[in-house]
Amino acid sequence: GESVGLHLPTLSVQEGDNSIINCAYSNSASDYFIWYKQESGKGPQFIIDIRSNMDKRQGQRVTVLLNKTVKHLSLQIAATQPGDSAVYFCAENYYGNNRLAFGKGNQVVVIP
Amino acid sequence: DTAVSQTPKYLVTQMGNDKSIKCEQNLGHDTMYWYKQDSKKFLKIMFSYNNKELIINETVPNRFSPKSPDKAHLNLHINSLELGDSAVYFCASSQKTAGGTQYFGPGTRLTVL
């Protein structure tokens, strides 16, 4: 289960509203970005990815926006549902580097 | 049906003991990873193997030794366990060594007493 007093940045959102989670990445050479969702007691789960030659990509109820000028990534979740309650991570990678660098997680709490 | 599996799910042990965590993927991926997630949920890579060859070895104490008997398996052996080793350890795999999506296992929660 979750640790008491985890103190992650937390977004509380009403069920049915839209959620926006932000991420600042560090490496201007990064050309591949992924959003992961981690539910309590589970491993990170792939949600959506985007390459640096795009600035927007849409999935089912999710949209990722990439602003390379300010090294900013965001994840938008439409019509947030209770099952969206989780910790969300952004990760960056650049081709030739074997590592995915993860950002700090953002906790999303959906209020029914 | 499971893509990336790990055993055990929970591991509670005394300081000084030696323990292993096993990981298997049935995705046909060439690359596998071990990550450590601390109490603040920060995910940090420890090791990566590509086709049984070590390609990433972060600054990890040499008490940690990964072993890849084949490209579908990557095990993690830890000697002389310390309190600070308590964390959740995740195995992951990807098709490529770079620029590819990594798929994670369910995690192993290690508690050292």
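So that the names make sense, note that chain A is the first sequence line, chain B the second, and so on, each numbered from 1.
In this structure, B/Thr101 OG1 and A/Ile47 CD1 are separated by 12.0 Å, a value rounded to the nearest 0.5 Å. Between B/Phe104 atom CZ and A/Gln45 atom CD the span is 12.0 Å, to the nearest 0.5 Å. Taken from OH in A/Tyr36 to OH in B/Tyr103, the straight-line distance is 7.5 Å, to the nearest 0.5 Å.
Take B/Lys44 and apply the salt bridge (charged side-chain N to carboxylate O under 4.0 Å, His left out) test, not counting sequence neighbours, and it matches B/Glu58. Applying the salt bridge (charged side-chain N to carboxylate O under 4.0 Å, His left out) rule to B/Glu82 yields the partners B/Arg63; only residues at least two apart in sequence or on another chain are considered.
The environment of CD in A/Glu15 is crowded: more than 12 heavy-atom neighbours from other residues, nucleotides or ligands sit within 6.0 Å. Residue-environment remark: NZ (A/Lys68) exceeds the threshold of 12 foreign heavy atoms within 6.0 Å. Residue B/Lys71 qualifies as enclosed at atom NZ: its count of foreign heavy atoms under 6.0 Å is above 12. More than 12 heavy-atom neighbours from other residues, nucleotides or ligands sit within 6.0 angstrom of NZ on B/Lys9.
For the pair B/Ile45 and A/Phe102, the minimum side-chain heavy-atom distance is 4.5 Å or more.
In this structure, chain B has heavy atoms under 4.5 Å from both the backbone and the side chain of A/Leu100.
In terms of heavy-atom proximity, B/Lys40 sits nearest to A/Leu8 at O-CD2, 3.7 Å.
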(request) Evaluate the side-chain contact (heavy atoms from CB on, under 4.5 Å) criterion for residues A/Gln107 and B/Lys41: first the C-alpha distance (whole Å), next the side-chain angles of each, then the deciding distance (0.1 Å), finally the verdict. (result) CA-CA 10 Å; A/Gln107 176 106 47; B/Lys41 293 286 190 181; over 6 Å; no

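The most heavy-atom pairs under 4.5 Å with chain A, out of B/Tyr35, B/Phe90, B/Phe42, come from B/Phe90.
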